[in-house]
Amino acid sequence: MKIATWNVNSLRVRLPHLLDWLARQAPDVACLQETKCEDATFPAAELAAAGYHALHHGQRTYNGVAILTREPAVECGRGIPAFEDAQSRVIAADYRGVRIVSVYVPNGQAVGSEKYQYKMRWFEALVEWLRDELAAHPRILVAGDYNVAPEDRDVHDPAAWEGKVHVSAAEREALQRVIALGFKDAFRLFEQPEGSFSWWDYRLNAFRRKMGLRIDHVLLSPALAAEAKACTIDVEPRRLERPSDHAPVICELA
DNA sequence: ATGGTAGAAACTCTA
């Protein structure tokens, strides 16, 4: 089973890229973030024509997460149950015996800001929720935009980024608390090229200059990690005209 | 030097 995650930064704008990419990569599951559309305007018909069923937790202008599947999946919740959140950042589904969670962790804007504090509270709620979810569903994966680069090798210029949002010690510790529940970062189960990133700022020609961060992750439960065959970042969509600022991450399970 | 671009929506906020 081939499972992908991609922050598309507006599903409406990126729909042509997404449809081309679905045809090329043919994932069984695609977790999307930043759809930036309401459920009412979700392009379900276009995706159905491309061969995908969709579950969407939408929101106007900001956020919005979806799960695309080849066959219908069973939705099992939106948001973090014990965390009151006006922002659409989580959707979960069962598909072919796997609990799939698509997450869009808050950006955090700047260390110490109000949005950063929200990010840290959000992470704590995620950890508490996933502890129970992992116990109840041994075959679970949590894929999405975590807005944290776990290690210095996930950062193009660690010195320049030191202490900044996405890289700060507190954010890395928060992500490690998720991983410490028992999850594996699928990407690091395999040998990878140096300078592997999943996001590049639109500004300053960051993509061409290889100024990226690896902030999009597929976290696998131990049962699924044992079945992982490969995990790659597909940078091709980032090369296109009018791209998302993120590249898809693709994980293959046996 | 605190820049730059992109998206949605509304003349600003978020990333």
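By convention in this document, chain letters (A, B, ...) are assigned in the order of the sequence lines, proteins followed by strands, and residues within each chain are numbered from 1. Just so it is clear, the structure is predicted and the values come from calculations on it, not from any experiment.
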Under the side chain to side chain donor-acceptor pair (under 3.5 Å) test, which residues partner A:Arg99, sequence neighbours left out? A:Asp94, A:Glu133, A:His137
My understanding is that only residues two or more places apart in sequence, or in another chain, count here; which of them pass salt bridge (charged side-chain N to carboxylate O under 4.0 Å, His left out) with A:Glu151? A:Arg153
Between P on B:dT14 and CD on A:Gln87, what's the gap in Å once rounded to a whole number? 9 Å
Donor on one side chain, acceptor on other, A:Glu171 and A:Ser168, under 3.5 Å: yes
Pick out the pairs of N or O atoms, protein on one side and nucleotides 8-11 of chain B on the other, that lie under 3.5 Å.
{"from": "B:dA8", "atom 1": "OP1", "to": "A:Ser10", "atom 2": "OG", "distance (Å)": "2.0"}
{"from": "B:dA10", "atom 1": "OP1", "to": "A:Arg60", "atom 2": "NH2", "distance (Å)": "3.0"}

Specify the residue among A:Asn7 and A:Arg14 whose closest nucleotide of DNA chain B lies further upstream toward the 5′ end. A:Arg14
Partners of A:Trp199 by side chain to side chain donor-acceptor pair (under 3.5 Å), sequence neighbours excluded? A:Asp245
For atom CD of A:Gln59 and atom C1' of B:dC13, their distance in whole Å: 13 Å
Rounded to the nearest Å, what distance is computed from the CZ atom of residue A:Arg203 to the P atom of nucleotide B:dA6? 11 Å
For atom P, what is the distance between B:dA9 and B:dG4, given to the nearest Å? 25 Å
With a non-hydrogen cut-off below 4.0 angstrom, is A:Phe207 in contact with a base, only sugar-phosphate, or nothing? nothing
Nearest whole Å is fine: how far is B:dA15 C1' from A:His166 NE2? 8 Å
Rounded interatomic separation in angstrom, taking CZ from A:Arg208 and P from B:dG4: 17 Å
Restricting to side chain to side chain donor-acceptor pair (under 3.5 Å), what partner residues turn up for A:Thr69, sequence neighbours left out? none
In whole angstroms, how far is the P atom of B:dG4 from the CZ atom of A:Arg209? 14 Å
Euclidean distance for C1', B:dC11 against B:dA1 (whole angstrom): 27 Å
note: A:Lys119, atom NZ; B:dT14, atom C1'; distance rounded to Å ~ 13 Å
Rounded to whole angstrom units, what separation is found between the CG atom of A:Asn107 and the C1' atom of B:dG7? 14 Å
Counting only side-chain heavy atoms from C-beta out, which of B:dA15, B:dT5, B:dG4 sits nearest to A:Leu204? B:dG4
Sorted by chain and residue number, the side chain to side chain contact (heavy atoms under 4.5 Å, CB included) partners of A:Ser102 (sequence neighbours excluded) come out as A:Cys31, A:Gln33, A:Val65, A:Ile67, A:Ile91
What do you reckon, is CD of A:Glu162 surrounded by more than 12 foreign heavy atoms closer than 6.0 Å? no
